[in-house]
Amino acid sequence: MKLLAGKKILITGVSNKFSIAFGIAESMYQHGAELAFTYFNERLKKRIQSFAKFFNSHICLPCDVTHDSNITKLFLQLSKYWKTFDGFVHCIAFAKSEQFKDDYLKSISKDDFQEVHNIASYSFVSMAQKSKNMLNKNASLLTLSYLGALRVVPYYNIMGVAKASLESNVRYIAYSMGKQEIRVNAISSGPVKTSSSHVIKNFHQILKKYCKNSPIRQPITIQNIGNTAVFLCSNLSIGITGQIIYVDNGFNITAI
Ligand code: NAD
């Protein structure tokens, strides 16, 4: 059964085949979704265009979310292909690698604090705001979080604080968009080795401990995350909004 047949979904945050967004695109494509893609910068353009082609999509648009005007432009360009659509997946985060190498107080600066919140959290509400009038009833917006939003994970530092903001954002956007019957959720995923996560000091230790201590002692795959994303963007999850759904083999329930 194809859960996303007839749905048009915009995917952000693919940079390579290891990206969580790539796993989500793969699952959504298998479930019959029509996909559109964004790419962060010119360096990634050709690669993302070839991924789009692989997923039978001819829509591949630039968007660096640092500036609001780029997000406005994105939806203006998208409207030339799709008058309306059924949701987007926000898989975007960035912090300078120095932010993940040392003690939080030693690393933090005002500029970095603002930059990380702007890219990892504000961009989600900005995308919701600027696409609001193009979204169909029962559309679903999805973002990606991590347990570091709630608990201290050494060296996750500023990104944990930004993910806490993102998770709160999910609830406020869900409340605001509920009137339009649009749903807004986050997947809080277990650790996955990607170009973003591998810069976190001791990431291999995080992965090792996670596999040892989760109720299901396996690594999380981008396919696991993709399949939950399919459910959350499908009509099977109507009734679920404002939630943080853990796809982490149960790690978040453990203490010692
Ligand atoms: P990734 O590096 O593959 O994806 C991050 C993406 O963010 C990249 O495609 C990059 O191009 C994009 N990006 C960065 N700055 C941007 C900007 N200014 N404008 C537009 N795009 C920008 O890594 P990933 O691990 O797949 O990350 C995807 C999401 O999943 C992130 O929000 C991340 O925090 C979250 N997440 C990751 C893990 C993990 O262990 N990898 C766990 C939980 C949550």
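Positions are given from 1, in the same order as the sequence printed here. Note that ligands are numbered from 1 as they come in the structure, with each ligand's atoms numbered from 1 the same way. All heavy atoms count here, side chains included; hydrogens, waters and symmetry mates do not.
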Q: Other residues, nucleotides and ligands only: do more than 12 of their heavy atoms fall within 6.0 Å of OH on Tyr246?
A: yes
Q: Could I get the full list of salt bridge (Lys or Arg N to Asp or Glu O under 4.0 Å) partners for Asp112, not counting sequence neighbours?
A: Lys96
Q: Is there a donor in the side chain of Asn136 and an acceptor in the side chain of Asp86, or the other way round, less than 3.5 Å apart?
A: yes
Q: Under 3.5 Å, is there a donor-acceptor pair linking the side chains of Ser197 and Thr194?
A: yes
Q: Can you tell me if Ser126 and Lys130 form a side-chain donor-acceptor pair at under 3.5 Å?
A: yes
Q: Quick one: do Leu141 and Arg183 satisfy side chain to side chain contact (heavy atoms under 4.5 Å, CB included)? Show the steps, please.
A: CA-CA 6 Å; Leu141 312 186; Arg183 296 177 299 108; over 6 Å; no
Q: Let me know which protein residues bring a heavy atom to under 4.0 Å of ligand 1; chain then number is fine for ordering.
A: Gly13, Val14, Ser15, Ser19, Ile20, Phe40, Leu44, Cys63, Asp64, Val65, Thr66, Cys91, Ile92, Ala93, Phe94, Ile119, Leu144, Ser145, Tyr146, Lys163, Ser189, Gly190, Pro191, Val192, Thr194, Ser195, Ser196, Ser197
